[in-house]
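Heads up, the thing below is written out as structure tokens.
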Amino acid sequence: EAGASVLLLRACLALLTFPIHLLSFLGIWEPFCRKVFFPFFLDKIGVIHDKKSKKHKQELFCNLSDFRGPSGELKVLEIGTGSGSNFQFFPPGCRITCTDINPNFQESLSRNMKKNQHLHYERFLVAAAEDLHQVPSGSVDAVVCTLVLCSVQSISSTLREVLRVLRPGGAFYFLEHVAAEHSSWKYFWQQVCYPTWKLIFAGCCLTRELWKNLEEAKFSELKIKHISVALPWTPIEPHIVGYGVK
């Protein structure tokens, strides 16, 4: 019953967004999405998401300094930096390596770098989360990743890379939207929107149960909290936030 309604509503949504599906079929949408639409959209929705998640991020990053290395320096690697909306939460003097698979965020990124001159920006790498070979093993104190695991090709490969680049005792910080409770209307709408949402928003998957992947990864200690970040008219309200220690 639910399955049939989901398929019917998916078809209606596909009709409503038919031009995008057509552009995708013709191979035009994806490059346009990466270069123009997604950076623009993320910049706009990012502002709203930042306001709604600000207190969660302040709480999340308040103990980042505790993970300074033996040298007293704090080396942070951020996966999927995007426009750099997390910079404001990092402690003064920490050294940041930024990575993103999409290099088209320059404008908003440089705006956020100028705003946050309390940080040292080491380098920017264009890299997929699953392949951070440019970053040496055991070389960073903390890895940060927010709203990125929803769209990586492989969650397990990404978490393996996270654990590789972290020094022993280092921490992985995350804030991600996840699947809603299966019996809820939210989950029903996540299923309806799934294919069209994934196409429009550069591979973003609505129904990932990321807490399970984190529990399966080899962290020595893991703190996960389920929270709600209400974004009106979107199916991405349920989130998880926390950190894991290598």
Side-chain angles (χ1 to χ4, degrees), residues 24 27 29-31 33-35 37-39 41-42 49 60 76-83 85-86 96-105 123-168 170-180 182 187 190-191 193-224 226 235-236 238-246:
S24 170
W29 173 254
E30 213 219 333
C33 179
R34 281 172 65 99
K35 254 190 132 62
F37 174 75
F38 196 59
F41 169 80
L42 218 57
H49 193 279
L60 174 64
V76 175
L77 170 76
E78 181 164 25
I79 297 175
T81 303
S83 61
S85 64
N86 289 327
I96 297 201
T97 297
C98 302
T99 73
D100 206 296
I101 195 170
N102 186 346
N104 298 301
F105 291 100
R123 53 187 184 149
F124 187 98
L125 307 171
V126 177
E130 298 90 339
D131 179 13
L132 302 167
H133 68 269
Q134 295 142 288
V135 183
S137 299
S139 65
V140 298
D141 304 305
V143 176
V144 170
C145 175
T146 62
L147 303 184
V148 173
L149 294 178
C150 56
S151 55
V152 297
Q153 298 281 325
S154 162
I155 303 163
S156 54
S157 310
T158 300
L159 294 176
R160 264 200 302 279
E161 278 292 77
V162 165
L163 284 161
R164 180 185 67 77
V165 301
L166 276 175
R167 64 165 176 79
F172 171 56
Y173 284 79
F174 53 87
L175 184 148
E176 300 284 344
H177 68 83
V178 291
H182 280 212
Y187 185 68
Q190 284 181 335
Q191 286 181 295
C193 298
Y194 187 95
T196 294
W197 184 275
K198 188 176 180 186
L199 171 67
I200 295 178
F201 300 114
C204 171
C205 299
L206 290 170
T207 55
R208 288 187 171 174
E209 300 179 332
L210 295 168
W211 62 92
K212 292 181 178 173
N213 303 89
L214 287 157
E215 282 158 7
E216 281 160 19
K218 306 269 191 292
F219 290 105
S220 64
E221 180 191 337
L222 182 63
K223 299 202 183 312
I224 296 184
H226 287 257
I236 57 171
H239 283 58
I240 54 168
V241 60
Y243 65 93
V245 179
K246 178 172 172 177

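Along the sequence shown, residues carry numbers from 1. For clarity, every value in this text was computed on a predicted model and none was experimentally measured.
The side-chain hydrogen bond (donor to acceptor under 3.5 Å, both in side chains) contacts involving residues 211-220 comprise Glu209-Lys212, where partners must be two or more places apart or lie in separate chains.
Between Arg123 atom CZ and Thr99 atom OG1 the span is 10.0 Å, to the nearest 0.5 Å. Atoms OG and CD, on Ser137 and Glu161 in that order, are 8.0 Å from each other to the nearest 0.5 Å. Taking SG of Cys98 as the start and CG of Leu77 as the end, the distance is 8.5 Å to the nearest 0.5 Å. Once rounded to the nearest 0.5 Å, the distance linking OG1 of Thr158 with CD1 of Ile79 reads 7.0 Å. To the nearest 0.5 Å, atom CZ of residue Arg34 and atom CZ of residue Phe105 are 9.0 Å apart. Atom CZ in Arg167 sits 4.5 Å away from atom CG in Asp141 (nearest 0.5 Å).
Residues Val162 and Cys145 form no side-chain contact, since every pair of their non-hydrogen atoms from C-beta on lies 4.5 Å or further apart. At a threshold of 4.5 Å between non-hydrogen side-chain atoms, the residues Leu163 and Phe219 count as touching. Residues Leu147 and Leu175 are in side-chain contact: their nearest non-hydrogen atoms beyond the backbone lie under 4.5 Å apart. Within the 4.5 Å cutoff, the side chain of Thr97 has no heavy atoms near those of the Val140 side chain. Between Ile96 and Thr81, the closest side-chain pair of non-hydrogen atoms is not below 4.5 Å.
Side-chain contact, His49 with His177: no donor N or O sits under 3.5 Å from an acceptor N or O.
Contact between Cys150 and Glu176 at its shortest, heavy atoms only, is N-OE1, 3.7 Å. Here the closest non-hydrogen pair linking Gly242 and Leu60 is O-CD1, 3.3 Å. Contact detail for Ala171 and Tyr243: the closest heavy-atom pair is CB-CD1, 4.4 Å. In terms of heavy-atom proximity, Tyr187 sits nearest to Thr207 at CE1-CG2, 3.8 Å. Counting all heavy atoms, side chain and backbone alike, Pro238 lies closest to Ala179 at CB-O, 4.2 Å. Of all the heavy atoms in Trp197 and Cys204, the pair that sits closest is NE1-SG, 3.3 Å.
Using cut-offs of 30° and 60° on the angle between ring planes, the pair Phe38 and Phe41 is parallel.
The ring-ring contact (aromatic ring centres under 6.0 Å, His included) test applied to Trp29 returns Phe32, Phe37, not counting sequence neighbours. Taking the side-chain contact (heavy atoms from CB on, under 4.5 Å) definition, one finds that Gln153 meets it with Glu130, sequence neighbours left out.
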Inset, instruction - Report the C-alpha distance between Val76 and Tyr173 in whole Å, list the side-chain angles of each, state the deciding distance to 0.1 Å, and finish with yes or no for side chain to side chain contact (heavy atoms under 4.5 Å, CB included). - result: CA-CA 10 Å; Val76 175; Tyr173 284 79; over 6 Å; no
Inset, instruction - Show the numbers, then the answer: is there a side chain to side chain contact (heavy atoms under 4.5 Å, CB included) between Leu132 and Arg164? - result: CA-CA 9 Å; Leu132 302 167; Arg164 180 185 67 77; 4.1 Å; yes
Inset, instruction - Carefully, step by step, assess Ile155 and Arg208 under the rule side chain to side chain contact (heavy atoms under 4.5 Å, CB included). - result: CA-CA 10 Å; Ile155 303 163; Arg208 288 187 171 174; 3.7 Å; yes
Inset, instruction - Test Phe124 against Asp100 for side chain to side chain contact (heavy atoms under 4.5 Å, CB included), laying out the working first. - result: CA-CA 8 Å; Phe124 187 98; Asp100 206 296; 3.8 Å; yes
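Proximity of a side-chain donor or acceptor of Ser139 to a complementary backbone N or O of Leu166 within less than 3.5 Å is not detected. Under the 3.5 Å distance criterion, the side-chain polar atoms of Gln190 are left unmatched by any main-chain donor or acceptor of Ile236.
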